[in-house]
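Letters A, B, ... mirror the listed sequences (proteins, then strands); counts begin at 1.
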Protein chains: 2
Amino acid sequence: MPSSTHTVPAARVLPEPADLPAPLPEPAPAELRLETVLGALSDPLRLFIVRKLLLESERFDHPCSWLGIDRPKSSLTHHYKALREAGLIRQRQYGLERRSHVRVADLNDRFPGLLDLVAAWEPPATP
Amino acid sequence: MPSSTHTVPAARVLPEPADLPAPLPEPAPAELRLETVLGALSDPLRLFIVRKLLLESERFDHPCSWLGIDRPKSSLTHHYKALREAGLIRQRQYGLERRSHVRVADLNDRFPGLLDLVAAWEPPATP
DNA sequence: CCTCCAGTACGAGTTGAGTCGAACTTAGCA
DNA sequence: TGCTAAGTTCGACTCAACTCGTACTGGAGG
């Protein structure tokens, strides 16, 4: 069992103040499809996004601009939407900002070990 | 290892000695890229191929026709080549047949847990 | 030699995804 | 009221990938 030692923090989810904005439309945990999730992660930029959200910010939602990716906003919107529709991230609207975090609990439950692979990934260069 | 408790018909044992045909060109273990591997597995047909090779025949090579997939030969060649170039399978030429098996050791070493996800996958329908 | 067969190679058609500019929407704030 | 900024939406372009028919190669067996 290679993925028995999880380096990814399990559901260290934030103490939700319960007045959070509702998440944007996303697939339910039972609807997550492995081939869709893998396809979403096959893009290096999206893999970078998920890994950064996973490693550096499990506790907080972060706006799209937080990642510091030098791409047009419309490109980032495209990738965030792809990640959300694949079920990898959850997005909430905070005023003008749309903050995202990885659905760690759902993904660990449905695809155990997957996030460990993402966390262990080494980006080839600066995307 | 998902198929460690797997009984295999002894009649289909291949000549194991060191006079195996050389594998077709494939990436070295250190060259395996997670995003490439995930992209190769994001196609349902390829995911089906890898899973079937993994679950039903990890010890033996199998010709392309063994899977019983109802697709044109040129399509199958396309997907087998994609899997080989991504580093997921190894292919050897036996006379007219080209037999394939999953690179279990390499993949478990480089991406531990990945093949468990493949083995646990449930295909949506008949591809 | 010739035929058969597994699989490849090549090319065309089609689709889908990534990239991005430009215009738009909306919240916060002066 | 109007400005600013975060992010979306739309459309267009490019390019890669999937599909598949057809022609081809190369070994096995007559």
Notebook entry, point to check: Whole Å only: how far is the CD atom of B/E97 from the C1' atom of C/dT8?
Noted result: 15 Å
Check: Looking at B/H79, does any N or O in its side chain come under 4.0 Å of the phosphate oxygens OP1/OP2 on D/dT19?
Finding: yes
Next item on the list: Would you name the heavy atoms of A/S75 and A/R71 that are closest together and state the gap between them?
Entry: CB-CB, 4.4 Å
Next item on the list: If a pair satisfies side-chain hydrogen bond (donor to acceptor under 3.5 Å, both in side chains) and one of its residues is in residues 25-40 of chain B, list it, with sequence neighbours excluded.
Entry: A/W121-B/E35, B/E26-B/R90, B/R33-B/E35
Notebook entry, point to check: Taking atom P of C/dG18 as reference, at what distance in whole Å does atom CZ of A/F48 sit?
Noted result: 17 Å
Measure all distances between protein nitrogen or oxygen atoms and nitrogen or oxygen atoms of nucleotides 11-17 of chain C, and list the pairs falling under 3.5 Å.
none

Check: Side-chain N or O of B/T77 less than 4.0 angstrom from OP1 or OP2 on C/dT8?
Finding: yes
Checklist line | Cluster check A/V37, A/L24: I/L/V/M/F/W/Y, side chain < 4.5 angstrom | finding: no
Next item on the list: Check B/H79 against B/L45 and note the closest heavy-atom contact, atom names and distance.
Entry: CD2-CD2, 3.6 Å
Margin query: Please compare A/A82 and B/Q93 by the position of their nearest nucleotide in DNA chain C and report the one closer to 5'.
Written below: B/Q93
Item checked: Whole-Å gap separating C1' (C/dA9) and CG (B/L76) -> 15 Å
Next item on the list: Indicate the atoms forming the closest heavy-atom contact of B/R46 with B/A82, along with that distance.
Entry: NH1-CB, 3.7 Å
Next item on the list: Identify the two heavy atoms, one from B/L117 and one from A/L34, that lie closest to each other, and give their separation to 0.1 Å.
Entry: O-CD2, 3.5 Å
Notebook entry, point to check: Between B/V102 and B/L54, what is the shortest heavy-atom contact and its length?
Noted result: CG2-N, 3.9 Å
Check: For the helix from C/dC1-D/dG30 to C/dA30-D/dT1, what is the angle between the axes at its two ends, each from 5 pairs, rounded to 10°?
Finding: 10°
Check: Can you list the residues that meet the side chain to side chain donor-acceptor pair (under 3.5 Å) rule with B/R84, with sequence neighbours excluded?
Finding: B/Q91
Next item on the list: Whole angstrom is fine here: how far is it from OH in A/Y80 over to P in D/dA6?
Entry: 13 Å
Next item on the list: Quickly work out the A/E85 CD to D/dT8 C1' distance and round it to whole Å.
Entry: 13 Å
Notebook entry, point to check: Between atom CZ of B/R99 and atom CG of B/L53, what is the distance when rounded to the nearest 0.5 Å?
Noted result: 13.0 Å
Notebook entry, point to check: Roughly, in whole Å, what's the span from CZ in B/R99 to P in C/dA6?
Noted result: 13 Å
Next item on the list: Please name all residues satisfying side chain to side chain donor-acceptor pair (under 3.5 Å) with A/R110, sequence neighbours left out, ordered by chain then number.
Entry: none
Checklist line | d(NZ, A/K81; C1', D/dG7) in whole Å | finding: 13 Å
Item checked: Length of the CG-C1' vector between B/L83 and C/dT8, whole Å -> 16 Å
Notebook entry, point to check: When you check every protein heavy atom under 4.0 Å of nucleotides 21-30 of chain C, what one-letter string (B, S, -) results, 5' to 3'?
Noted result: BB---BB---
Item checked: B/L107 to B/G87 - nearest heavy-atom pair and separation -> CD2-O, 4.1 Å
